[in-house]
Trainee: 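Handing you a structure now.
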Amino acid sequence: MKKKKNRIPFTILVFFVPAMILTVQIWNDYRGGVMRVQDQYSNLTGMYYLDGGNKIVALTDEMDGEYSRLHLYEANTGNLIKEQMIRANSQGPLAATTYQNNGVIIPTLDSSQSLQLTHVRDTGEVTELARSTMQLDTPWAGLHAWRGRLIVNGETSGSTTYLAEVRDAEVKLEILNSPDVLPSDPDSISDVDGSFKNELPVPLFEVVLEHGQRAYVSGILQQDGLPAVKVQTEDVGIFLAQEQASNTFAESFGIEYTRLVRAQDSNPKQVRFYNAKTNEWGSVVNTPKPVYQASVFLLNDQEIFIVGSSMEDEKQGEVRGYIYNDKKKSFMDVGAMVGQLTYEDLKNTEVEFYKALEDDTLYYSGGEQVAGAMNVETGLVHIQTKDQMLEWIRTANEGQLSFRGFLGHIGDGGGLVLNWAVWLAIPLLVIIVPQFVLPLIFKRRTQLINEGELLNGTIMEMAETGTYVNNQPLVRFKIRFEVDGERKEVELKKVISLLNVNRIGDQVVISYNREKDKAMLISDEDVQAQMPSTIHHAVLERIDHYGFLNRGKVLLLHFTADEEEYEVPVVQPPGFNYREGTAATLIMAGGQVRLQSYGVGTSELTDQLPLEAEVVRIEKKETEFLDRELLIMDLIITSGEDSIRKTNSLFVPSGTIVQNGTRIPMHMKREDYERELRLAKGKQGAATIRSVTYEGITAGERPLALITVDRGGQSYEIYQSIDPVFGVEIGDELWIRYDEQTREALILNYSSNE
């Protein structure tokens, strides 16, 4: 008997084709809106760290040339703190940013060329200091930063010439047309070339008075609020008059002008002391290690930043940097931050360094391209790039194409969406919902459970809501539980089975999300699904190759254990080889399989220390297969009060939410953790790899290697698991922590050549 053909697929097709056409139209409409948002936030004009590197502020142009949007974020998590509009033309921040009074002062111009001074404090408070009271006809010549001060000259709305100094986030303005300042009204004023760049002890303005007479005015104000003034006599030339005025002003301000710190122009361009009184160069400033092709940045009244190359040929050396305290005659090494820069970075005219005298943080800005902050006491470094900041901004302002954003666009409604919903309803109900939506709902529930921690609770109250789902009641629960010794209560709802009714006083398991202060009531099936299982004695049967990533190979390893097959994606670094027939131990969690170890017997996995790692930086690699994507994460691994930093690559299911602040459980062999913790407290610097030996085993997907490196003619040994995405090869340069006594070392950063 011939079976009757099923006509349901054809019926589905009739409704589904127009639904798909309308879906494409709605998507194009949504995409056009997102592109407009991305265009709006694509012009990043400035970026600065705050609060010792804990916060970061950025400016984007609002496209109309009158306003910029100020974005303030938590630097460790990328969470938006606040946004605020400030007056700024399309030029963006002017090149005279300063750090004062626990915050950054960002100068901009409004559409009428009036100066705006936006003070963003560590607390997030935003204040306008100038309030359009100062006009700048030529901003590139009328605004200067010098030793942490901001110095402004220009004309008021009444065409009178002024000089202003911003110090401790307070504006002091003096009108130069006053007879108390100059003997006659000024016809013009201009800054003396180079005086704000350390070529004179005190910055100067040259003022042309009525009848052609010249006077020199100090760029900084005296205690009485007036600038220092010296009128040029006819028997003295212009350059000599400038030097005499600056030296005289320096003496009155208490500045040691016979021992200035300057970079010499002639090769190898070292930093020397300079006597402005006799115009003579003195000895080289005795930095802990020589600095060549150097630049000098005046940070504040006592501290000077010296930065340059470790070798006379800057292309062959590494970048070095020292903060020199001219009063204490002491140095602070900031190589941990500038070591991540190239000498070409230092040649960028937008590069600036900032540090308040009593502050422990050295700030760095490369215009809109990069920003940095380093705690000079702890050595902790923060770096943020333009691309990373734009990603934060677009995410916060829904400027990325996403399924969630598309659903939000559909939720906004409209005639097109209504028409689409009608055509889509039937195929969704008949075939799409059972096959796709329900698995997505289950996956979302699993994800929400993973975001929390499993805790025991007690049912204190329960009541039916009057709602039924599939003839099962939706019940409201009040659950009491403890977290970190604190008793909490939470209300939640769950559909329960009439065959398994809970009662007041029953013990239940919840998944509690600390950040959101929310909980989910979960079943025994949920608990079992979340528990990782260990698969012992898995044998590598086959290896599939999926191309290259950096210098490594992307592989899919096929293991067999107890007649079951398992697939594990890995990156194989150069010099290490996965071999068929080798045994491994696998971990399965959430339906995903990973290596716990490869080539290591089960007995060798004892004495594992349970740890927790916090994600502090994430980079997504453009490598994706088997519905997994590769993430590069910087992790802070903690045990009690101790912590170490690691770079770790990991294949995760596509769509998995991993962000700064996410906590990941992990294990390390106790002796390995204690060794890395001890070395993490040592000195740091660059080293060159001389030999690499792999033992043929891994910790997770990280091959274990014995590496010999050379630093300054001294040999050090590194015994450490290597992140396979970066890999190590002879000749690579690493940034290491090292112990000069034991000759042991630890990798902090891999070669920048990959």
Side-chain angles (χ1 to χ4, degrees), residues 268 289-293 308-321 333 335-346 381 383 545 547-555 570-578 619 621 623 630 632 634 645-649 675-676 679-680 682-699 701-740 742-754:
K289 292 183 179 179
V291 180
Y292 303 100
Q293 314 303 330
S309 174
S310 61
M311 300 183 68
E312 294 187 21
D313 183 353
E314 66 276 11
K315 296 180 181 179
Q316 302 297 321
E318 62 184 23
V319 176
R320 286 177 178 166
D333 186 349
M337 181 167 73
V338 299
Q340 301 185 39
L341 307 177
T342 67
Y343 192 79
E344 291 299 318
D345 293 332
L346 298 179
V381 176
I383 296 290
H545 296 257
F548 290 86
L549 179 64
N550 291 345
R551 296 181 300 190
K553 297 179 180 178
V554 180
L555 307 178
V570 297
V571 176
Q572 176 180 275
F576 181 86
N577 289 296
Y578 287 97
E619 177 186 354
K621 288 291 185 180
T623 296
L630 182 63
I632 307 296
D634 284 351
R645 190 182 183 106
K646 258 188 185 307
T647 298
N648 194 54
S649 60
R675 180 179 65 255
E676 294 195 16
L679 291 174
K683 297 181 179 179
Q684 60 177 285
T688 303
I689 295 178
R690 297 306 181 203
S691 68
V692 180
T693 303
Y694 286 102
E695 296 193 352
I697 62 177
T698 73
E701 286 89 22
R702 298 169 60 95
L704 194 63
L706 178 61
I707 304 168
T708 303
V709 299
D710 179 88
R711 173 174 168 78
Q714 298 293 336
S715 180
Y716 294 87
E717 283 194 349
I718 299 172
Y719 186 70
Q720 186 177 350
S721 61
I722 302 302
D723 191 276
V725 171
F726 296 94
V728 287
E729 290 186 322
I730 295 174
D732 283 355
E733 187 175 81
L734 305 173
W735 192 262
I736 64 170
R737 289 272 192 186
Y738 58 93
D739 187 325
E740 292 180 328
T742 65
R743 298 296 180 198
E744 294 175 287
L746 175 73
I747 297 174
L748 286 184
N749 287 315
Y750 291 89
S751 170
S752 60
N753 297 326
E754 287 105 37

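Predicted model only: the values in this text are computed from it and were never measured.
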Trainee: Atom CD in Q316, atom OG in S309: separation rounded to 0.5 Å?
Mentor: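 Output value for this atom pair is 9.0 Å.
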Trainee: Is the shortest side-chain heavy-atom distance between E314 and Y292 below 4.5 Å?
Mentor: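 No. Closest side-chain heavy atoms not under 4.5 Å.
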Trainee: What are the two closest heavy atoms between T647 and D723, and how far apart are they?
Mentor: O-OD2, 3.5 Å
Trainee: Rounded to the nearest 0.5 Å, what separates atom CH2 in W735 from atom CD in Q684?
Mentor: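 W735 atom CH2 to Q684 atom CD measures 6.0 Å (nearest 0.5 Å).
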Trainee: Are any non-hydrogen side-chain atoms of I632 and F726 less than 4.5 angstrom apart?
Mentor: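 Side chain of I632 against side chain of F726, heavy atoms only: contact under 4.5 Å found.
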Trainee: Do you know which two heavy atoms are closest between G321 and V338, and how far apart they sit?
Mentor: N-CG2, 3.5 Å
Trainee: Any idea which heavy atoms bring A687 and I736 closest together, and the distance?
Mentor: CB-CD1, 3.6 Å
Trainee: Using only atom types and a distance under 3.5 Å, with no angle test, would you say the side chain of S310 pairs donor to acceptor with the backbone of G317?
Mentor: no
Trainee: Say whether, by atom type as modelled, one donor and one acceptor occur between the side chain of R737 and the main chain of L679 under 3.5 angstrom.
Mentor: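 No, because the side chain of R737 does not come within donor-acceptor range (under 3.5 Å) of the backbone of L679.
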Trainee: For a quick test of reading the model, state the closest non-hydrogen atom pair linking F548 to K553 and the distance between them.
Mentor: CE2-CG, 3.6 Å
Trainee: Go through E729 and I689 one step at a time and tell me if the side-chain contact (heavy atoms from CB on, under 4.5 Å) criterion holds.
Mentor: CA-CA 7 Å; E729 290 186 322; I689 295 178; over 6 Å; no
Trainee: Return the CE to CD distance between M311 and E318, rounded to the nearest 0.5 Å.
Mentor: 10.0 Å
Trainee: Mind listing the closest non-hydrogen atom pair of S715 and T708 along with its distance?
Mentor: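 Closest heavy-atom pair between S715 and T708: OG-CG2, 3.3 Å.
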Trainee: When rounded to the nearest 0.5 angstrom, what distance separates OG in S649 from CD1 in I722?
Mentor: 11.5 Å
Trainee: Is the shortest side-chain heavy-atom distance between V570 and P724 below 4.5 Å?
Mentor: no
Trainee: Checking side chain to side chain donor-acceptor pair (under 3.5 Å) between Y719 and each of E676, E695, E744, which is the one that passes?
Mentor: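 Exactly one candidate clears the test, E695.
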Trainee: Would you sort out whether R711 and Y716 count as a side-chain hydrogen bond (donor to acceptor under 3.5 Å, both in side chains), showing the intermediate values?
Mentor: CA-CA 8 Å; R711 173 174 168 78; Y716 294 87; 5.7 Å; no
Trainee: Any salt bridge linking D732 with R551? Criterion: basic side-chain nitrogen under 4.0 Å from a carboxylate oxygen.
Mentor: yes
Trainee: Kindly indicate, with the supporting measurements, whether the criterion side-chain contact (heavy atoms from CB on, under 4.5 Å) is fulfilled by N648 and R702.
Mentor: CA-CA 8 Å; N648 194 54; R702 298 169 60 95; 3.2 Å; yes
Trainee: For residues L704 and S721, report the shortest heavy-atom separation together with the two atoms involved.
Mentor: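 Taking L704 first and S721 second, the nearest heavy atoms are CD1-N, 3.6 Å.
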Trainee: Within the distance-only criterion (no hydrogens, no angle test), does the side chain of Q720 pair as donor or acceptor with the backbone N or O of A705 below 3.5 angstrom?
Mentor: no
Trainee: State the CG-NE2 distance between L555 and H545, to the nearest 0.5 angstrom.
Mentor: 5.5 Å
Trainee: For Y750 and V725, what are the C-alpha separation, side-chain angles and deciding distance, and is it a side-chain contact (heavy atoms from CB on, under 4.5 Å)?
Mentor: CA-CA 10 Å; Y750 291 89; V725 171; over 6 Å; no
Trainee: Determine whether I747 and I707 make a side-chain contact, defined as any pair of heavy atoms from C-beta on separated by less than 4.5 Å.
Mentor: yes
Trainee: With a 4.5 Å limit on heavy-atom distance, are the side chains of Q714 and R743 in contact?
Mentor: yes
Trainee: What I want to check is whether the side chains of D710 and T688 have a donor and an acceptor closer together than 3.5 Å.
Mentor: no
Trainee: When you measure from the side chain of Q572 to the backbone of Y578, do you find a donor-acceptor pair of N or O atoms at a distance under 3.5 Å?
Mentor: yes
Trainee: Quick one: do V571 and F576 satisfy side-chain contact (heavy atoms from CB on, under 4.5 Å)? Show the steps, please.
Mentor: CA-CA 10 Å; V571 176; F576 181 86; over 6 Å; no
Trainee: Can you tell me if T698 uses its side chain to pair, donor with acceptor, with the backbone of E701 under 3.5 Å?
Mentor: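 Not confirmed, T698 side chain does not pair with E701 backbone.
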Trainee: Once you round to the nearest 0.5 Å, how far does CZ of R675 lie from CG of L746?
Mentor: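 One finds 8.5 Å between CZ of R675 and CG of L746.
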Trainee: Is the closest side-chain heavy-atom distance between Y694 and V728 below 4.5 Å?
Mentor: yes
